[in-house]
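Just the heavy atoms: all of them, side chains too, but no hydrogens, waters or symmetry mates, feed the values below.
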Amino acid sequence: MFPFYDVIVVGAGHAGCEAAAAAANMGSKTLLVTMNMQTIAQMSCNPAMGGIAKGQIVREIDALGGYSGIVTDLSTIQFRMLNRSKGPAMWSPRAQNDRMLFHLKWREKLEQTPNLDFYQDMVNGLLIKDNRCIGILTGMGHEIKAKAVVLTNGTFLNGIVHIGEKHFGGGRIAEKAATGITEQLVSLGFESDRLKTGTPPRVDGRSLDYSKMEEQPGDSLITGFSFLDVPKPAEQRSCWITYTNQKVHDILKTGFDRSPMFAGRIDGVGPRYCPSIEDKINRFADRERHQLFVEPEGWNTVEIYLNGFSTSLPEETQYEAIRNIPGFEQARMFRPGYAIEYDFFPPTQLNYSLETKGISHLFFAGQINGTTGYEEAACQGLMAGINAHQKSRELEPLVLKRSDAYIGVLIDDLISKGTQEPYRMFTSRAEFRTLLRQDNADLRLTEISYRLGLAGEERMKRVETKKHSVSQIATVLKEMSVEPAEINPWFESIGSSLISEKVKAEKILLRPSVELDAFANALPKLKTALAEYDAESIEQASIQIKYNVYIEKERELVQRMSQLEDLEIPESFDYKKISSLGNEAREKLSRVKPRTLGQASRISGINPSDVQILMVYMGR
């Protein structure tokens, strides 16, 4: 009934979709197995993509030839570039999406992908032979063989849904949990643990009074996520901001005795940076109010997502509390919030390719590795799909370094440090964030993906054109001289120092108060010289010139750090024989098995002296 596949992907969430698309687009005969074909790429929580650091990840996925950026642009109902008031390293695109359209566009993209088959069934076992994964066993009793398998189970592994004192099995509300895989992997020597996440109530937008809220419109210019020419919406929908108050907090506290979190019925650790509303008012008791974002779920629905009000309190407590939020006095609840607890596998059990150390040809991606967020899952799926294809062809894996991409930072963090709570990406996690900007993801990554056969000709040509345009714009600015009489009137109007002799345009652009667009509008000959170039190339050239000193400093730091990254540790290296290492260092190095001294230096609990000892033993 089933052919022999190169790659099987289990689960069709954000990680699974990217994994399946990547493997298939690289030429692998791929099967995507999901328990429900109607929930492919379901936005289980907030219908939004991007945000701080997450937006950079989506642009990196797009630059590498993944689909998340394209699908996000096709389903956007509002777009904002966050942190515009800060430097470009902090700019982060964010889109509010149409939940149903996002799912439909993802399914369309997958169905149009050659080499990709679909099958609806539960996977409750893996086929293992000689410590190698050779396929899957489904709930219907089918054995399906493959050269490599990617597990992207999300929150479904032994998932339990909690609402007040009620709890029942499920991977999402009204969807059954997946069983069998955890038990099998544990029997094979894997370590598993539990994590928790949650979601807020959904309400009827027709029952809300928006006059009591603060409107949050989208940007007038929609940059979008994809570096390709994906159509952008002609109009946008606003989001809204409101706040909790002391009465809301008091009502919520009445349900604490029935809270699964406070009563100890939930063992899993929740996300620190996206806590439930009961956790917020418990931990920050001095705060009189908490901000809530009122977000529409799509173009043609009245359903509203109450961002910031994630909860697992009893339904009646949720309902009463909501009705005391400004603008929600007459609110009707479509669905209560709930918490979900699920199995994950500490990611120190993985190689950098996301292949498991214990079983070859088996890859993990997404929440099974302890992450939270669509974007974190999608980028892992992309990398696992690429590397499952590479493994099936006995080719070298693609491993991105911390200086290459936020994706590299995420994977390195997971494998070197592990995680005790749902891992979320932040710009502060990336030490080279000036290099890893959202605007240059294509310049950093597309050529790598093109060489692998994933990114197509169109992407590569656009990158080459952009590079050429940026170089030409930089030459224009370096060579163009500006006379005092040409520019001083504008300087005066913006409160900038006047010049007394002619200077190069490049030097003027270095002024903090000068942006290239405004500069060109004030200097007609510059505007004429830049007329043939697109806005993306002009912005890129401006950033590279204005921030060149900082960019070069970071490149120098990368070069110094790369000396440790280039020192590879043999796989057979026996740390237990090095008596000069402390017990903790020996135990952690033996468990993680770092590939390089650079990775070893980032393992929690490893000191600089430990690294020096390793260098001595390696003859360095």
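- Rounding to the nearest 0.5 Å places OG1 of Thr348 at 6.5 Å from NZ of Lys357.
- Remark: side-chain polar atoms of Thr371 are paired, donor with acceptor, to backbone N or O of Gly366 under 3.5 angstrom.
- Although no hydrogens or angles enter the test, the distance criterion places no donor-acceptor pair under 3.5 Å between the side chain of Thr199 and the main chain of Tyr338.
- For Arg586 (side chain) and Leu581 (main-chain N/O), a donor-acceptor pair under 3.5 Å exists by modelled atom type.
- Atom OG1 of residue Thr155 and atom CD of residue Glu341 lie 11.5 Å apart, to the nearest 0.5 angstrom.
- The environment of Tyr550 atom OH is sparse: at most 12 non-hydrogen atoms of other residues, nucleotides or ligands sit within 6.0 angstrom.
- Salt bridge Arg402/Asp413: present, at least one basic N to carboxylate O contact under 4.0 Å.
- In terms of modelled atom types and a separation under 3.5 Å, the side chain of Ser92 and the main chain of Gly55 share no donor-acceptor contact.
- Under the 4.5 Å side-chain criterion, counting only non-hydrogen atoms from C-beta, His162 is not in contact with Ser259.
- If you look at Phe573 and Tyr575, their ring centroids are closer than 6.0 Å.
- A salt bridge links Glu355 to Lys391: at least one charged side-chain nitrogen sits closer than 4.0 Å to a carboxylate oxygen.
- A salt bridge is defined here as a Lys NZ or Arg NE, NH1 or NH2 lying under 4.0 Å from an Asp or Glu carboxylate O, and Glu447 with Lys467 meets this definition.
- Residue His167 places its NE2 atom among 12 or fewer non-hydrogen atoms of other residues, nucleotides or ligands, all under 6.0 Å distant.
- One finds the CD1 atom of Ile386 at 5.5 Å from the OG atom of Ser449 (value rounded to the nearest 0.5 Å).
- A salt bridge is absent between Lys553 and Glu556: the closest approach of a Lys/Arg side-chain nitrogen to an acidic carboxylate oxygen does not fall below 4.0 angstrom.
- The neighbour count for Gln420 CD, taken as heavy atoms of other residues, nucleotides or ligands under 6.0 Å away, does not exceed 12.
- Between the side chain of Asn387 and the main chain of Met383, a donor-acceptor pair closer than 3.5 Å is present.
- Atom CE of Met122 is separated from atom OG1 of Thr179 by 5.0 Å, given to the nearest 0.5 angstrom.
- Under the 3.5 Å distance criterion, with hydrogens and angles disregarded, a donor-acceptor pair is assigned to the side chains of Glu278 and Ser312.
- For the pair Phe345 and Thr356, the minimum side-chain heavy-atom distance is 4.5 Å or more.
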#### Entry: side-chain contact (heavy atoms from CB on, under 4.5 Å) between Leu454 and His389, worked out
CA-CA 11 Å; Leu454 180 56; His389 165 85; over 6 Å; no

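- Looking only at side-chain heavy atoms (C-beta outward), Thr197 and Tyr342 come within less than 4.5 Å of each other.
- Counting only heavy atoms from C-beta outward, the side chains of Ile368 and Thr152 never approach each other to under 4.5 Å.
- Electrostatic pairing of Asp6 and Lys147 counts as a salt bridge here, judged by a charged N lying under 4.0 Å from a carboxylate O.
- Checking side-chain atoms of Asn83 against main-chain N and O of Met90 turns up a donor-acceptor pair under 3.5 Å.
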### Message
Using salt bridge (Lys or Arg N to Asp or Glu O under 4.0 Å), reason through Lys29 and Asp117 one step at a time and then give a plain yes or no.
### Response
CA-CA 8 Å; Lys29 180 66 176 172; Asp117 292 345; 3.3 Å; yes

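- Salt-bridge formation is not detected for the pair Glu18/Lys109: no Lys NZ or Arg NE/NH1/NH2 atom is positioned less than 4.0 Å from an Asp or Glu carboxylate oxygen.
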### Message
I'd like to know whether Tyr67 forms a side chain to side chain donor-acceptor pair (under 3.5 Å) with Thr113, so could you lay out the CA-CA distance, the side-chain angles of the two residues, the decisive distance to 0.1 Å, and finally the verdict.
### Response
CA-CA 11 Å; Tyr67 287 163; Thr113 300; 3.3 Å; yes

### Task
Please report the C-alpha distance between Leu567 and Thr596 in whole Å, then the side-chain angles of each, then the deciding distance to 0.1 Å, and finally whether the side-chain contact (heavy atoms from CB on, under 4.5 Å) criterion is met.
CA-CA 6 Å; Leu567 293 176; Thr596 67; 5.9 Å; no

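- A tilted orientation is assigned to the rings of Phe190 and Phe364, their planes being inclined by 30° to 60°.
- Classified by interplanar angle (parallel below 30°, tilted 30° to 60°, perpendicular above 60°), the ring pair His14/Tyr374 is parallel.
- Asn131 is not listed as a side-chain neighbour of Ser360, based on a closest heavy-atom distance of 4.5 Å or more.
- Here the side chain of Asp610 pairs a donor or acceptor atom with the backbone of Asn607 at under 3.5 angstrom.
- Put simply, the side chain of Glu60 gets close to the backbone of Ile407: a donor and an acceptor are under 3.5 Å apart.
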### Task
Kindly determine whether Arg132 and Asp130 satisfy salt bridge (Lys or Arg N to Asp or Glu O under 4.0 Å), including the steps that lead there.
CA-CA 5 Å; Arg132 173 175 174 164; Asp130 299 327; over 6 Å; no

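- Side-chain contact between Leu151 and Leu126 is present, with heavy atoms from C-beta onward closer than 4.5 Å.
- Looking only at distances, a side-chain donor or acceptor of Gln56 sits under 3.5 Å from a matching main-chain atom of Trp91.
- Within a 6.0 Å sphere centred on CD of Glu396, other residues, nucleotides and ligands contribute 12 heavy atoms or fewer.
- Within the 4.5 Å cutoff, side-chain heavy atoms of Lys54 are placed close to those of Arg424.
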### Task
Before giving the answer on side-chain contact (heavy atoms from CB on, under 4.5 Å), spell out for Asn369 and Glu376 the whole-Å C-alpha distance, their side-chain angles and the decisive distance to 0.1 Å.
CA-CA 10 Å; Asn369 290 336; Glu376 289 88 345; over 6 Å; no

### Test salt bridge (Lys or Arg N to Asp or Glu O under 4.0 Å) applied to Arg459 and Asp62, step by step
CA-CA 10 Å; Arg459 282 191 182 276; Asp62 184 76; 3.0 Å; yes

#### Entry: Audit row: Ser416, Asp412, side chain to side chain donor-acceptor pair (under 3.5 Å) steps and yes/no
CA-CA 6 Å; Ser416 298; Asp412 184 66; 3.3 Å; yes

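- Tyr423 carries Arg429 over the face of its six-membered ring, with the cationic atom under 6.0 Å from the centre and within 45° of the normal.
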### Task
List the steps and the verdict of side-chain contact (heavy atoms from CB on, under 4.5 Å) for His361 and Val149.
CA-CA 6 Å; His361 297 77; Val149 173; over 6 Å; no

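- A cation-pi arrangement is found for Arg59 relative to Phe227, the charged atom lying closer than 6.0 Å to the ring centre and inside a 45° cone about the ring normal.
- With hydrogens and angles ignored, the 3.5 Å screen pairs a side-chain donor or acceptor of Glu183 with a backbone N or O of Gly180.
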